[in-house]
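Below: the structure, in structure tokens.
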Amino acid sequence: MTEVVIVPTGTANIASVMAAFRRLGASPRVSEAAGDVLAASHVMLPGVGAFGASMARLVQHGLDRVLKERIAADRPTIAICVGHQLLFERSEESPGVPGLGVVPGEVGRFPADVRVPQFGWNHVRAGEDSRLLEDGYAYFANSYRATEAPGWTIATATHGGPFVAAMERGNVIGCQFHPELSGAYGAALLSRFLELA
Ligand SMILES: NC(=O)CC[C@H](N)C(=O)O
């Protein structure tokens with residue numbers, strides 16, 4: 001049974017990600033202990049909240065350093081929603097707060113002429129060389145997004161223009177959408193994540 005350590009940047013969607021992993025036969029547990037996060041075979045960085053507050057919680061527990069070390073070692077790690085955004089260098093949501101910076105560039109506002117937050121289902125188009133990401137419909141709940149992720153293979157969706165719906169590099173995945181709320185499509189992605197070693 002694959003153990004997944006879930007790093008709580010906030011608490012809002014912990015129960016739903018735990019349930020999603022349990023449905024897939026995995027054994028999720030929440031931890032902010034650096035040793036746990038470093039040693040775990042699989043780690044999820046979830047989150048429903050503001051970039052700045054989420055990043056502050058990681059720094060408070062020294063998990064910014066641990067997550068950068070883990071990602072540099074290409075250990076299976078999935079970051080969703082604000083967790084996905086924390087992988088970038090910064091976000092317009094929290095000016096002056098550095099992110100983990102494992103993806104060059106920033107997370108920005110949607111164009112002024114589209115409804116935000118983007119709440120609901122949207123079509124995700126995987127890249128030509130995607131290994132873990134596939135086409136399908138996913139559930140989003142976000143007011144900010146990245147439009148590129150240099151060095152990563154991206155999947156895109158459109159909301160006032162194309163944006164990074166998800167990205168992958170080796171054993172590390174970032175999802176702007178919520179796989180735990182995206183039905184069979186999301187469950188299939190989490191299942192592929194659990195198979196990474
Ligand atoms: N649901 C979330 O985690 C939202 C992330 C971020 N605060 C945004 O609005 O884009």
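This structure is a prediction, so every number in the text was calculated from the model and none was measured. Just so you know, ligand 1 is whichever comes first in the structure, and atom 1 is the first atom listed for that ligand.
- A salt bridge is absent between Arg169 and Asp74: the closest approach of a Lys/Arg side-chain nitrogen to an acidic carboxylate oxygen does not fall below 4.0 angstrom.
- The closest protein non-hydrogen atom to atom 2 (C) of ligand 1 is Cys81 SG, 3.0 Å.
- When the options Asp129, Leu132, Ile78, Ile154 are evaluated for a side chain to side chain contact (heavy atoms under 4.5 Å, CB included) with Glu168, the one that passes is Leu132.
- Paired with Ile173 under the rule side chain to side chain contact (heavy atoms under 4.5 Å, CB included), one option of Thr77, Leu189, Leu87, Ile80 passes, and it is Leu189.
- Exactly one of Glu106, Arg90, Gln176, Arg145 qualifies for a side chain to side chain donor-acceptor pair (under 3.5 Å) with Gln85. That residue is Gln176.
- Ligand 1 has at least one atom lying under 4.0 Å from a heavy atom of Gln85.
- Heavy atoms of Gly49 approach ligand 1 to within less than 4.0 angstrom.
- Considering backbone and side-chain N/O atoms, Ala141 comes within less than 3.5 Å of an N/O atom of ligand 1.
- A salt bridge is absent between Glu69 and Arg75; no separation between the charged side-chain nitrogens and carboxylate oxygens falls under 4.0 Å.
- Screening Phe110, Phe119, Phe177 for a ring-ring contact (aromatic ring centres under 6.0 Å, His included) with Phe140, the sole residue that qualifies is Phe177.
- Each of the atoms 8 (C), 9 (O), 10 (O) of ligand 1 lies under 4.0 Å from some heavy atom of Tyr144.
- At under 3.5 Å, a nitrogen or oxygen of Gly47, whether backbone or side chain, sits near a nitrogen or oxygen of ligand 1.
- Atom 9 (O) of ligand 1 has its nearest heavy-atom neighbour, among Ser143, Ala53, Ser54, in Ser143.
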